[in-house]
*Asks:* 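One structure, pasted below without further comment.
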Amino acid sequence: MESLGIERPEHIARATEHIPEMVELIQALAAKDIAYQTEDGSWYFRIARFPEYGKLSKKDFEGIEDGARVDVDEYEKDAARDFALWKAPKPGEHHWDTALGAGRPGWHIECSAMAMRYLGADIDLHAGGEDLMFPHHENEIAQSECATDKPFARHWMHVRFLLVEGKKMSKSEGNFYTLRDLLLKGHKASAIRFLLVSVPYRHQLNFTFDGLTESTNAIERLRTFYQRLKHGKWAESAADGAGSDADLAGQIRAAGEKFTAALENDLNTAEARAAVFDMVRAVNSAADAGGLLKSEVDAALGVLALFDGVFAVLEDKDAAITRSALEWAEREGRMGEAAPELLANLALSDEQIEALIEERNMARKQRNFARGDAIRKELTEKGVLIEDSKEGVRWKRK
RNA sequence: GCACCGAUGGCGAAGUGGCUAACGCGCUGGUCUGCAAAACCAGUAUUCAUGGGUUCAAAUCCCAUUCGGUGCUCCA
């Protein structure tokens with residue numbers, strides 16, 4: 001999670017610590033005769049009492065015969081689809097003794113109970129994987145709305161599963177990778193994050209190694225741009241061509257607005273991304289043409305800050321993250337899985353790199369290009385790329 | 001088998017009734033540069049899985065087919 005720059009939740013709730021809330025919820029349903037107890041002591045939800053059942057997953061249960069497919073090991077439920085709220089313990093099974101009798105919670109009830117406890121009876125947003133829509137989320141809705149008579153969640157976000165190299169990820173397909181696997185193969189954490197977040201959650205993402213390369217390159221472009229703005233010297237007022245693009249300020253503002261509007265439209269990250277790249281081109285172009293005004297640079301940096309508040313890829317933490325993955329591999333005895341060029345690329349520290357660049361700058365000043373190029377070649381071989389620009393010498397790790 | 005969702009350039013991917021089909025990567029040519037890199041400019045889908053239909057107008061709506069994802073039993 002941290003490697004990908006994902007923030008920790010404010011609350012992490014555990015089902016086993018919320019048994020009383022669940023019991024209370026089931027009792028509320030029982031008071032309305034929506035929950036009922038069977039002979040073995042389990043409690044079930046009476047789906048017949050919730051006509052809207054199936055509204056989320058667009059399932060139409062009309063015409064599906066109750067009892068057409070009743071499992072032999074099920075107890076005497078009133079209807080086959082009624083789901084368990086509380087399960088009586090099987091002999092020797094771990095259980096809680098509560099007002100409902102001994103037992104353990106059914107799946108579904110803990111989500112309703114904990115959501116209500118921390119977020120209230122009607123929540124704004126409920127997220128989950130597409131596989132949970134039915135029956136889990138459908139059952140959450142049923143038990144929550146019957147208990148409170150309020151809409152349970154105003155918006156649902158169901159994230160689609162990703163494909164890996166065009167196929168569903170599975171161990172038998174051999175395309176199952178953990179984050180650490182990818183880091184050890186030499187992929188950057190930022191590229192993984194950017195690839196995952198570049199396709200809107202509602203759409204299926206095809207996660208490929210080509211895609212990781214693409215993301216790496218796209219991030220490089222953004223970081224180069226960011227560094228250029230941050231470290232360049234820009235005119236305070238219009239002169240010598242700076243500020244000659246009268247339209248630029250408007251374009252930067254429009255990019256920021258388009259970025260926000262795209263995210264507000266069901267988190268359309270692909271469109272939000274596009275808005276930023278539009279701005280990058282416009283500002284780079286103006287910078288090449290005659291220079292930028294400080295005010296334009298500040299505005300563009302403002303849009304980048306907006307962008308990075310969501311995408312979080314501009315600051316280069318990749319080397320540090322990869323190093324900690326390597327430390328993990330070391331401890332686990334899995335260094336053999338690390339890509340050889342990865343070790344080579346991390347051989348030099350930032351200080352060593354900067355010392356070499358300083359030496360190269362001296363050589364170039366004396367027009368000793370042979371020495372300068374030799375240093376550049378050495379750095380390239382160790383995974384460090386050099387860029388000479390009007391704004392100074394920049395370097396980055398491959 | 002049934003239900004729901006999806007299929008857009010070499011690759012990834014926006015766009016869901018009407019401006020030249022965004023954006024990124026890649027590729028080709030050019031500008032710039034001591035050489036590079038970066039950056040910029042130009043080019044790169046007469047066409048949106050296939051077949052039919054609706055409409056003055058369809059990538060966008062409807063039907064069928066093909067392919068892919070999820071669910072349809074338990075457990076979380």
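Only heavy atoms go into these numbers, but all of them, side chains included; no hydrogens, no water, no symmetry mates. Below, chain A is the first sequence line, B the second, and so on; all start at residue 1. It should be emphasised that the depicted structure is a prediction, and the values quoted were computed from it without experimental measurement.
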*Asks:* So what stems show up for RNA chain B if we need 3 or more Watson-Crick or G-U pairs in a row, all under 3.5 Å?
*Replies:* B:1-7 with B:66-72, B:10-12 with B:23-25, B:26-31 with B:39-44, B:49-53 with B:61-65
*Asks:* Of all of residues 257-265 of chain A, which get a heavy atom below 4.0 angstrom from RNA chain B, listed by number?
*Replies:* none
*Asks:* I'd like to know if the side chain of A/Y226 pairs up with that of A/D308 as donor and acceptor (distance under 3.5 Å, no hydrogens or angles considered).
*Replies:* no
*Asks:* Using a cut-off of less than 4.0 Å, is there contact between a side-chain N or O of A/N284 and OP1 or OP2 of B/C40?
*Replies:* yes
*Asks:* Do A/E214 and B/G24 share a donor-acceptor pair, side chain to base, under 3.5 Å?
*Replies:* yes
*Asks:* Using the C1' atoms only, state how far B/A7 lies from B/U47, rounded to an integer number of Å.
*Replies:* 15 Å
*Asks:* Do side-chain atoms of A/R323 reach the backbone of A/L346 as a donor and acceptor pair under 3.5 angstrom?
*Replies:* yes
*Asks:* Could you state the atom-to-atom distance from CZ of A/R273 to C1' of B/G12 in whole Å?
*Replies:* 8 Å
*Asks:* How close or far is atom C1' of B/A3 from atom CD of A/E130, stated in whole angstroms?
*Replies:* 14 Å
*Asks:* Nearest whole angstrom, please: distance from the P of B/C35 to the CZ of A/R360.
*Replies:* 13 Å
*Asks:* Quick one: A/F194 CZ to B/C23 C1', roughly how many Å, whole number?
*Replies:* 10 Å
*Asks:* When you compare B/C61 with B/C2, how far apart are their P atoms, in angstrom units rounded to a whole number?
*Replies:* 23 Å
*Asks:* If you measure from the C1' atom in B/U8 to the same atom in B/U60, how many Å do you get, rounded?
*Replies:* 11 Å
*Asks:* Could you pull out every donor-acceptor pair under 3.5 Å between side chains of residues 258-265 of chain A and any protein atom, sequence neighbours left out?
*Replies:*
unit_1: A/T260; atom_1: OG1; unit_2: A/G256; atom_2: O; d: 3.2

*Asks:* Distance check needed: B/A38 C1' versus A/L229 CG, whole Å only.
*Replies:* 13 Å
*Asks:* Considering only heavy atoms, which members of residues 169-189 of chain A lie under 4.0 Å from some atom of RNA chain B?
*Replies:* none
*Asks:* With a 4.0 Å limit, can you tell me whether A/H203 has a side-chain N or O closer than that to the phosphate oxygens OP1/OP2 of B/A14?
*Replies:* yes
*Asks:* What I want to check is whether an N or O donor and acceptor connect the side chain of A/R376 with the base of B/C35 at under 3.5 Å.
*Replies:* yes
*Asks:* Distance between the C1' atoms of B/C25 and B/G9, in whole angstroms?
*Replies:* 13 Å
*Asks:* By a 5.5 angstrom centroid cut-off and a 30 degree plane limit, is there stacking between A/F277 and B/G24?
*Replies:* no
*Asks:* Looking only at side-chain N and O atoms, does A/N206 come under 4.0 Å of OP1 or OP2 in B/G12?
*Replies:* yes
*Asks:* Whole angstrom is fine here: how far is it from CG in A/D388 over to P in B/G34?
*Replies:* 10 Å
*Asks:* Determine the interatomic distance between C1' on B/C63 and the same-named atom on B/G18; round to the nearest Å.
*Replies:* 24 Å
*Asks:* Answer with yes or no whether A/D210 presents, from its side chain, a donor or acceptor under 3.5 Å of a partner atom in the base of B/G26.
*Replies:* no
*Asks:* Below the 4.0 Å mark, does B/C35 have OP1 or OP2 next to a side-chain nitrogen or oxygen of A/R364?
*Replies:* no
*Asks:* Just how far, in rounded Å, is P of B/C11 from CG of A/L205?
*Replies:* 16 Å
*Asks:* Less than 4.0 angstrom from a charged side-chain N to a carboxylate O is my criterion; do A/R193 and A/D318 meet it?
*Replies:* no
*Asks:* A/R160 side chain N/O closer than 4.0 Å to the phosphate oxygens (OP1, OP2) of B/C4?
*Replies:* no
*Asks:* Near RNA chain B, counting only heavy atoms under 4.0 Å, which residues of residues 346-354 of chain A show up?
*Replies:* none
*Asks:* I'd like to check the salt bridge (charged side-chain N to carboxylate O under 4.0 Å, His left out) partners of A/K230; sequence neighbours left out, ordered by chain and number.
*Replies:* none
*Asks:* Could you tell me whether the phosphate oxygens of B/G24, OP1 or OP2, come under 4.0 Å of any side-chain nitrogen or oxygen in A/N217?
*Replies:* no
